[in-house]
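Data block below; observations after.
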There are 2 protein chains.
Amino acid sequence: MSTIKDVANLANVSVATVSRVMNSSDYVSEETRAKVLNAIEELKYKPSSAARVLAGKKMMSIALVVPDISNPFFSELARAVEDVAQKNGFSLFIGNFYNKNTREKDYIKSMSNKYIDGFIFASSTLTEEDIDTLIKKEIPMVVMDRAATIGGCTVIKCKNYDGACIATNHLIQLGCREIAHISGPGEFVTSMERLKGFEDTLKSHGLYNPSLISHGDFTIDGGRQAMRSLLNTHPNIDGVFAANDLMAIGAMKELKAMGKEVPRDVSVCGFDGVQIGDIVEPGLTTIAQPIYELGSLASQTIIDATMGKLNSKDTYELDIKLVERGSTGKMRV
Amino acid sequence: MSTIKDVANLANVSVATVSRVMNSSDYVSEETRAKVLNAIEELKYKPSSAARVLAGKKMMSIALVVPDISNPFFSELARAVEDVAQKNGFSLFIGNFYNKNTREKDYIKSMSNKYIDGFIFASSTLTEEDIDTLIKKEIPMVVMDRAATIGGCTVIKCKNYDGACIATNHLIQLGCREIAHISGPGEFVTSMERLKGFEDTLKSHGLYNPSLISHGDFTIDGGRQAMRSLLNTHPNIDGVFAANDLMAIGAMKELKAMGKEVPRDVSVCGFDGVQIGDIVEPGLTTIAQPIYELGSLASQTIIDATMGKLNSKDTYELDIKLVERGSTGKMRV
DNA sequence: TTGAAAGCGCTAACAC
DNA sequence: GTGTTAGCGCTTTCAA
């Protein structure tokens, strides 16, 4: 691996000059610039990130911290984040925290001394304190699925509340009268907002019944279990709104196992819009988030922030949309 | 951020001593060690990775380069890789190359000067030359899905050929006589090995017909398209072996759209064993790879290699197993 | 427009 | 046992 010194020697200039052309700072005569460029080319010189960082530059890498990368929502998100990062010359770190708050904090600790320039926390359960730690280190961050702005960090989310209202209304309009909700873990703002939208909508229609709410953990299996217990106490449920697609799919599996047909007996609606919603049978009606857009926006925002471009907005709330498929529809009357 | 100097000052020792206790090298008296430890604690000192790297140490991070992180096979793999990395104090970089050979090479370039200690290439299309580049830089690497060992890098794969034979035999035993294969892109060894297993098995049963082979691109849509063209020329196909689960799912969708029922009219078998194979309807029979094991083995191998623990084996071939679900079974006779 | 040199935080001889 | 110090490769004043 050749160093800046090698380049300087070959080009017959000083290392400072090489540094100048690398960073296109200061003025360098066309002639010297050409010489240096040639030398760089010839030696296939790549500056050492570690040395640059030590000298006060950026590492050009960002981290995405998710609950579980094997969850399709997050892997689709990661793809978007990485695409944008790559286009900007940034590398992407990935960390899974499996809903273990401790592990999420560990990432802050273990990665921040690796000179990561920015963090994206997806679906985080970070406390204000954790966030302060990062802010004190002046490491920019964007948080997804967070209620409101916390000083100094951008929030990017989608309209969870509105989406839940749309989903619930959709079910009501289809004729469902005993509508259950499979909610996500209570520590996520996402879960809370979707739950609120569900409750408010039902209340306004006089259909609210708290015993029709069960909690899942955002996994297929969790959705299945929640559906089972719901069905035990309320065998006549005719509509289900799950806080994410995975749980909705689990619910559909359980429904089928219990001899209920979707959508004839029960209509099911999910939330997220992940690709597998389109391959299950029947196709899953869902409130689709613009996942790719969410990821690329987060990525671009954090990259801009590392370069000192401050963001004018501190909260982005992207629109969701109802995607109707076979899991909601005509019911037996 | 406090530095080693701050710690040294506070503990009234030299930086060398601090370095010693950090790296538990050399002897340090219990007394001084305690003083230093206290100072470290008090200042919440974290050594700078960049500085350590410059001084000749490891960055403690590895990279996983995949075609597409949003493909469930790779996201499940990534999860395993990250788990093991995290346990060893390593961070994980992720790169997508979208089957663009150029981009895969770019990763080698752009990441290697970021002091990544090791690479895992999954499903790579790297040439010997590319690999040589890394070997010359003395960066250890493991390659998944590669035919054989290339000097200096460990190969981790599963028994593709055997798996394809098992799948094909399974179809034959079910009574299928006109069996098609949806193969993966020709540049992947994986595709080739699975194709070979398919061909050999059919030949040995006198059922081989090259026009029953179509190529897909490992995506659902690719599988759908391949199935369509296959059905055009061979409307009586009664068995399909796809080189991965995603394409098998695409084939099932197309079959359904064309009025064929699975498995009554056509039996379908995939390869990989990703989780969604279990949520489609009917469930997908598949040759399951031990994905988590593959990922954790790769991760541990590369981490060991960065620490100088050379691996005794240079090729691992993990076993696969046939997982029978609803997509293969009783046919109409 | 260019060069010399200090310094970023750490490790590892080499002294003591 | 512990301290001193010379780098590691780069950026950036400060001079020239």
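A, B, ... follow the sequence lines: proteins, then strands. Residue 1 opens every chain. The figures here come from the full heavy-atom set of this structure, side chains too, leaving out hydrogens, waters and symmetry mates.
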Check the pair A/Arg52, A/Asn23 against side chain to side chain donor-acceptor pair (under 3.5 Å), reporting the backbone distance first and the verdict last. CA-CA 11 Å; A/Arg52 304 193 66 191; A/Asn23 297 287; 3.0 Å; yes
Output, in order, the C-alpha distance, side-chain angles, deciding distance and verdict of side chain to side chain contact (heavy atoms under 4.5 Å, CB included) for A/Ile94 and B/Phe93. CA-CA 6 Å; A/Ile94 295 263; B/Phe93 279 106; over 6 Å; no
For the pair B/Arg103 and B/Tyr98, evaluate side chain to side chain contact (heavy atoms under 4.5 Å, CB included) and give the outcome as yes or no after the intermediate values. CA-CA 8 Å; B/Arg103 201 160 157 179; B/Tyr98 303 116; 3.3 Å; yes
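As a whole-Å value, the separation of A/Asp6 CG from D/dG9 C1' is 10 Å. A/Asn9 has its CG atom 17 Å from the P atom of C/dT2, to the nearest Å. Spacing between atom CD1 of A/Ile4 and atom P of D/dT12 amounts to 11 Å, rounded to whole angstrom units. Look at NZ on A/Lys5: it is 9 Å from C1' on D/dG7, rounded to the nearest Å. We find that CG of B/Leu54 is positioned 10 Å from C1' of D/dG7, with the value rounded to whole Å. When rounded to the nearest whole Å, the span between CE of A/Met59 and P of C/dG9 equals 16 Å. Nucleotide C/dC8 holds its P atom 17 Å from the NZ atom of A/Lys58, rounded to whole Å.
Considering A/Ser49, A/Ser61, A/Ser91, A/Ser48 as possible partners of B/Lys114, the one that fulfils the side-chain hydrogen bond (donor to acceptor under 3.5 Å, both in side chains) test is A/Ser91.
Between the side chain of A/Asn9 and the main chain of A/Asp6, no donor-acceptor pair closer than 3.5 Å is present. Counting only distance, with no hydrogens or angles, the side chain of B/Thr301 and the backbone of B/Leu297 share a donor-acceptor pair below 3.5 Å. With B/Ser191 contributing its side chain and B/Pro185 its backbone, the two residues share a donor-acceptor pair below 3.5 Å. No donor-acceptor pair under 3.5 Å is formed between the side chain of B/Ser299 and the backbone N or O of B/Val84.
The end-to-end axis angle of the helix from C/dT1-D/dA16 to C/dC16-D/dG1, rounded to 10 degrees and based on five pairs per end, is 40°.
Of the two residues near DNA chain D, B/Tyr115 and B/Tyr27, the one whose nearest nucleotide lies more 5' is B/Tyr27.
Here A/Arg52 does not reach the OP1 or OP2 of D/dG9: none of its side-chain N or O atoms lies under 4.0 Å away. Side-chain nitrogen and oxygen atoms of A/Lys57 include at least one within less than 4.0 Å of the OP1 or OP2 phosphate oxygen of D/dT12.
Taking CD1 from B/Ile116 and CD1 from B/Ile302, the interatomic distance works out to 11.0 Å, rounded to the nearest 0.5 Å.
With 3.5 Å as the limit, one finds no donor-acceptor pair spanning the side chains of A/Tyr107 and A/Asn96. Side chain to side chain, B/Asp304 and B/Gln300 meet the donor-acceptor criterion of an N or O pair below 3.5 Å.
Shown for residues 28-48 of chain B: residues whose heavy atoms fall under 4.0 angstrom of DNA chain D, namely B/Val28, B/Ser29, B/Thr32. Contacts of residues 10-20 of chain B with DNA chain C (heavy atom under 4.0 Å): B/Ala16, B/Ser19, B/Arg20.
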